[in-house]
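Presented below is the structure to which this report refers.
Everything numeric in this text was worked out from a predicted model, so none of it was measured. Atoms considered below: every heavy atom in the structure, side chains included; atoms not considered: hydrogens, waters and symmetry mates. Both ligands and their constituent atoms are indexed starting at 1 by order of listing.
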Amino acid sequence: MTNPDVEALLGRSNRLGADPKNTNYAGGNTSAKGTERDPVTGEDVELVWVKGSGGDLGTLTESGLAVLRLDRLRSLVDVYPGVEREDEMVAAFDYCLHGKGGAAPSIDTAMHGLVDSPHVDHLHPDSGIAVATAADGEHLTKEIFGDKVVWVPWRRPGFQLGLDIAAIKKASPQAVGCVLGGHGITAWGDTSEEAERNSLWIIDTAARYVDRHSKPEPFGPVLDGYAALPEAERRARAAALVPTIRSIASHDRPMVGHFTDADVVLDFLARAEHPRLTALGTSCPDHFLRTKVKPLVMDLPATASVEDSVARLRELHTAYRADYQAYYDRHATPDSPAIRGADPLIVLVPGVGMFSFGKDKQTARVAGEFYVNAINVMRGAEGLSTYTPIDEAEKFRIEYWALEEAKLRRMPKPKPLATRIALVTGAASGIGKAIAQRLASEGACVVVADLDLEKAQAAAADIGGTDVAVGVQVDVSDEAKVGAAVEAALLAFGGLDLVVNNAGLSLSKSLLETTVADWDLQHDVMAKGSFLVSRAAAASMIEQRLGGDIVYISSKNSVFAGPNNIAYSATKADQAHQVRLLAAELGEHGIRVNGINPDGVVRGSGIFAGGWGANRAAVYGVEEKDLGKFYAQRTLLKREVLPEHVAGAVFALVGPDLTQTTGLHIPVDAGVAAAFLR
Ligand SMILES: NC(=O)c1ccc[n+]([C@@H]2O[C@H](COP(=O)([O-])OP(=O)(O)OC[C@H]3O[C@@H](n4cnc5c(N)ncnc54)[C@H](O)[C@@H]3O)[C@@H](O)[C@H]2O)c1
Ligand SMILES: [Zn+2]
């Protein structure tokens, strides 16, 4: 049975974490103190349950809590060696754990244990950080909260901050919480309800004060040429710039992107003060660990041409890298961890929006959310006073903190296709769907493109949430629609690295039966369709400078000559030769082009279900339901070929093992001697 104090703590944490006004994603932590029977002595033991490292309050469960013995945690005060060596206390937390200890204790554990109150909340609300980053934050805290909330000057999270807050609480018995300079808030209560009430009171009181007392237009007047472009134009501009921006964010290591053109971002970028404020950087440690200290800010108006914008972005990138290197060099000591890459994680383009980056889609999206938090903080602080984030040296100490480095090193090894953004045509069904599924399970972000939007979205939803797969509409034979689908992919995941030309259909007809319309349809969807998709994708891949993969799902029939197949097999042969032609042409850009020749994939295939199967069965004199087995018997291996086998071949081609291979076709046909390649 769950301890009632723990139950109350989880309920309160989930409620607080569910509302973004209270804290950023995975930001802040909460705790409760209570007693439990010690199974060793049979006596009551005082414990503290505190959100462990890394979890999110909104979805916190019991397994996300660290459980420590309060007497031992508090005993650390007697061995505490002083602020220079406070990091050693984190290792000491392990000696305070109760039982198996639950989740790993976070750096904020000291604050929760040392503050003498049964329930403690530490949160990062935009309204609270606005006060915490105002130049006269201490004075404002008094003005807004009287003596009910105390100001604690900036200090890096750790044991000393815990001692500071505990001392302040002791000295101010009337206080219900404190504002932590440059950082956030902490509140407490004798009961869980009281702690929650106090947290919300601080957050809402600060927000109301900002609303009532903010000067109008804290970000200044709108600049000429910097206002938001109309929506369609803005999206088109974003898609045109995204390959360059991905390349900028991925110079040191490939990144996945997220784009937002939310009003709050566009308004900030339209106004006069944004260059000064963006240069000051973010303040709350949670914010800049996810966004880097500063964003890269485009300094041309939205009215500039795409060509000028691309050229300027590349210049700004060079400057950004030099600036970041200089920041590292200014502050690094001989025992600092190595520089972690000098590319921006946030790229701001006035009139267009914000591009944020990360090692996967979720991280990229959350980085963007955090920069929106930072904009809200800047608006609040500037409205009341002057935004004054913590200074650069302190940011460096946190960014390159040994404990932060250790946390990064504990991260699980990325999956083989992590950071790769894939678009699979015809992926709502059969082979394409299996390919999309496999690529996603290997870590790729996947765009499922198919004729019918609903089918594409349903297939994407089968694969995972929108951080993993999205569905888009495309008719690959239509140049404009192909352009739109590639744009949708670029905006969904911030780039494009991997394309699978899989869309297709099959009409089995003899020469004399084949109409011009049959011929055109087969060639439009397969030969022309894959040409259009490859061309649109390659344009982005070349600009991204990250190489790429193009895979064609050709067919055994691209080399095998059988009856009643003129239009289909001819267009498959065209696709197969596109593989070789494009491998030759795109090699210099690091783009590999390969193909697969499947055969007899009956199960799951819409082609077979839609008449082709019945026709083939009739041609071979077997029942349609036995066609898969019939095909198997014709093969050298006597095995049936399934969509997953084709998907496996795609992964082999684009995964880590065949990196030096281009222009190749892999047969996936269980062995058909007449279709051997030579
Ligand atoms: N099934 C086999 O035995 C076999 C053998 C060799 C090659 N192939 C090839 O594999 C690919 C997939 O075949 P499948 O068996 O999975 O068929 P399928 O019918 O199950 O899937 C094909 C998908 O392509 C989509 N599509 C058709 N025209 C399109 C267009 N103009 N734009 C966008 N999407 C379009 C369809 O909506 C469908 O979802 C095809 O290129 C096919 O020629 C299949
Ligand atoms: Zn914090």
Give me the residue, atom name and distance of the protein heavy atom closest to atom 24 (O) of ligand 1.
Gly426 CA, 3.3 Å
Donor-acceptor contact present, side-chain Asp518 to main-chain Thr515, <3.5 Å:
yes
What protein heavy atom lies closest to atom 3 (O) of ligand 1? Include the residue and the distance to one decimal.
Val601 N, 2.7 Å
Would you mind telling me if ligand 1 is within reach of the side chain of Pro643, the backbone, both or neither, using heavy atoms under 4.0 Å?
neither
Could you identify the single nearest non-hydrogen protein atom to atom 34 (N) of ligand 1 and state the distance to 0.1 Å?
Ala503 CB, 3.5 Å
Work out whether the distance between some heavy atom of Lys572 and some atom of ligand 1 is less than 4.0 Å.
yes
Among all protein heavy atoms in this structure, tell me which lies nearest to atom 10 (O) of ligand 1, with the distance rounded to 0.1 Å.
Ile553 CG2, 3.4 Å
Please state whether the separation between the Zn ion (ligand 2) and some N/O/S atom of His122 is under 2.8 Å?
yes
For ligand 1, does Lys556 get within less than 4.0 Å through its side chain, its backbone, both, or neither, judged by non-hydrogen atoms?
neither
Go through ligand 1 atom by atom and flag the ones less than 4.0 Å from a non-hydrogen atom of Gly600.
3 (O)
Out of Gly606, Gly432, Ala485, the nearest non-hydrogen contact to atom 18 (P) of ligand 1 is supplied by Gly606
Ignoring hydrogens, just give me the one of Pro598, Ser605, Ser530 whose non-hydrogen atom is nearest atom 5 (C) of ligand 1.
Pro598
Atom 13 (O) of ligand 1 [closest protein heavy-atom partner, distance rounded to 0.1 Å]
Ile607 CD1, 3.6 Å
Indicate yes or no: does Asp87 engage Arg156 in a salt bridge with an N to O separation below 4.0 Å.
yes
Within the supplied structure, the quantity of interest is the number of heavy atoms (other residues, nucleotides, ligands) at a distance under 6.0 Å from Arg603 CZ; does it exceed 12?
no
Heavy atoms only: give me the nearest Val472-Ala485 pair and the separation to one decimal.
CG2-CB, 4.2 Å
Could you tell me whether the side chain of Thr635 and the main chain of Arg639 form a donor-acceptor pair under 3.5 Å?
yes
Numbering the atoms of ligand 1 from 1, which are under 4.0 Å from a heavy atom of Ser429?
18 (P), 20 (O), 21 (O), 39 (O)
Taking a cutoff of less than 4.0 Å between a non-hydrogen atom of the residue and any ligand atom, is Thr425 in contact with ligand 1?
no
Between Asn501, Asn502, Val602, Leu505, which one has a non-hydrogen atom sitting closest to atom 41 (O) of ligand 1?
Asn502
Going by the order shown, which atoms of ligand 1 are within less than 4.0 Å of some heavy atom of Ser554?
6 (C), 7 (C)
Check whether more than 12 heavy atoms from other residues, nucleotides or ligands sit under 6.0 Å from atom CZ of Arg580, and answer yes or no.
yes
So is Lys528 actually on top of Phe531's ring, under 6.0 Å and inside 45° of the axis?
no
Closest approach of any protein heavy atom to atom 36 (C) of ligand 1, naming residue and atom
Asp450 OD1, 3.4 Å
Can an N or O of Ser555 be found at a distance shorter than 3.5 Å from an N or O of ligand 1?
no
Suppose we measure from atom 4 (C) of ligand 1 to each protein heavy atom; which comes out shortest, and what is that distance?
Ile431 CD1, 4.0 Å
His122 and His183: aromatic ring centres closer than 6.0 Å?
yes
Checking side-chain polar atoms at under 3.5 Å, does His112 have a donor or acceptor matched by the opposite partner on Asn29?
yes
Under 4.0 Å from one or more heavy atoms of Gly430, ligand 1 contributes atoms 16 (O), 20 (O)
Could you check atom 27 (C) of ligand 1 against the protein and tell me its nearest heavy-atom contact, residue, atom and distance included?
Gly504 O, 3.5 Å
In this structure, the Zn ion (ligand 2) sits at the vertex of an angle between NE2 of His124 and NE2 of His183 that rounds to 10° as 100°
For atom CD of Glu623, is the number of surrounding heavy atoms from other residues, nucleotides or ligands below 6.0 Å larger than 12?
no
Ala449 versus ligand 1: do any nitrogen or oxygen atoms come within less than 3.5 Å of each other?
no
Taking all non-hydrogen atoms of both residues into account, name the closest pair between Tyr552 and Ile550 and its distance.
CE1-CG2, 3.6 Å
Angle class for the Tyr620/Tyr631 ring planes (parallel below 30°, perpendicular above 60°, tilted otherwise)?
perpendicular
